Amino acid sequence: MSTPDEPESPAAAYRRIASGIEQAVGAVRRQDEQRATRLEQALARIDARMRRVGERAALTRFSVELHWESALEALWAEPWMTVRPFPRPDAEADPAQLERYEREVDRTYTELMDLVGRRRFGFRR
């Protein structure tokens, strides 16, 4: 350091400035490391959630396809029934409502099977 009587030498000024830069770079590196750690943790959580969502979607798709095939088998003997192809997923359906949609599929399937069973065994509603 310099005193009021002695000016700071260029070498001393360079060392002082370089030291400040080194400290700033170290602080930025520590912040970057902390941020990278937080981002890696967030990515791991998102990856795990994406895996669960994919598994859930596959399970739901499988369940709906089973219901569809079973309904087709039950309605096979109904000559008046026009069977359409398996419907495509609704791209605008709200994913947050998946459980409600699954319940609706189950309820509708159960109702259909109930009606087919009554008709098959001659029961009237």
Side-chain angles (χ1 to χ4, degrees):
M1 282 300 222
S2 62
T3 62
D5 297 334
E6 284 181 38
E8 184 176 36
S9 73
Y14 174 82
R15 283 191 296 275
R16 180 178 50 78
I17 291 170
S19 174
I21 292 172
E22 190 176 323
Q23 290 173 1
V25 167
V28 169
R29 279 192 182 130
R30 285 188 297 280
Q31 289 174 346
D32 285 349
E33 288 171 1
Q34 291 171 350
R35 187 175 198 185
T37 300
R38 287 193 306 271
L39 289 173
E40 286 172 352
Q41 292 168 347
L43 182 59
R45 286 191 304 273
I46 290 169
D47 187 48
R49 182 155 191 230
M50 290 295 292
R51 198 170 23 261
R52 286 191 309 271
V53 166
E55 290 168 357
R56 176 71 186 272
L59 183 61
T60 297
R61 194 173 305 114
F62 180 71
S63 172
V64 169
E65 287 172 0
L66 283 178
H67 281 88
W68 180 263
E69 290 298 322
S70 179
L72 288 179
E73 284 180 27
L75 295 172
W76 184 256
E78 302 293 333
W80 58 270
M81 174 73 67
T82 302
V83 179
R84 294 186 230 150
F86 187 78
R88 297 185 59 81
D90 182 355
E92 296 184 20
D94 182 6
Q97 298 293 319
L98 181 59
E99 289 181 13
R100 185 175 68 81
Y101 299 146
E102 288 175 339
R103 284 192 306 272
E104 181 69 15
V105 166
D106 287 339
R107 185 194 61 75
T108 305
Y109 173 78
T110 301
E111 187 176 310
L112 174 67
M113 290 297 115
D114 211 28
L115 291 171
V116 168
R118 288 172 188 245
R119 182 166 163 73
R120 193 173 283 156
F121 295 111
F123 300 127
R124 297 280 183 225
R125 203 167 198 194

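Nothing here was measured: the structure is a model prediction, and the numbers come from that model.
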So do the side chains of [X] and [Y] get within less than 4.5 Å of each other, counting heavy atoms only?
{"X": "Glu8", "Y": "Arg15", "result": "no"}
{"X": "Val64", "Y": "Phe86", "result": "yes"}
{"X": "Met113", "Y": "His67", "result": "no"}
{"X": "Thr110", "Y": "Asp114", "result": "no"}
{"X": "Leu112", "Y": "Leu75", "result": "yes"}

Which distance, rounded to the nearest 0.5 Å, do you find between the [atom1] of [X] and the [atom2] of [Y]?
{"X": "Ile21", "Y": "Arg16", "atom1": "CD1", "atom2": "CZ", "value": "10.5 Å"}
{"X": "Glu65", "Y": "Trp68", "atom1": "CD", "atom2": "CH2", "value": "11.0 Å"}
{"X": "Glu99", "Y": "Thr60", "atom1": "CD", "atom2": "OG1", "value": "9.0 Å"}
{"X": "Leu98", "Y": "Arg103", "atom1": "CG", "atom2": "CZ", "value": "10.0 Å"}
{"X": "Glu111", "Y": "Leu115", "atom1": "CD", "atom2": "CG", "value": "6.0 Å"}

| What residues form a ring pair (Phe, Tyr, Trp, His ring centres under 6.0 Å) with Phe62, not counting sequence neighbours? |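 Testing Phe62 for ring pair (Phe, Tyr, Trp, His ring centres under 6.0 Å), a comparison that skips the adjacent residues, returns none.
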| Sequence neighbours excluded, which residues qualify as salt bridge (Lys or Arg N to Asp or Glu O under 4.0 Å) partners of Asp32? |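 With sequence neighbours excluded, Asp32 shows a salt bridge (Lys or Arg N to Asp or Glu O under 4.0 Å) to no residue whatsoever.
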| query | Should we count CZ of Arg107 as having more than 12 external heavy atoms under 6.0 Å? | reply |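 Yes, the 6.0 Å shell around CZ holds more than 12 heavy atoms from other groups.
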| query | Listed by chain and number, what are the side chain to side chain contact (heavy atoms under 4.5 Å, CB included) partners of Glu40, not counting sequence neighbours? | reply |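 Checked Glu40 against side chain to side chain contact (heavy atoms under 4.5 Å, CB included); zero matches.
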| Cluster link Leu59 to Tyr101, ILVMFWY, side chain under 4.5 Å |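 No, Leu59 does not connect to Tyr101 through the hydrophobic network.
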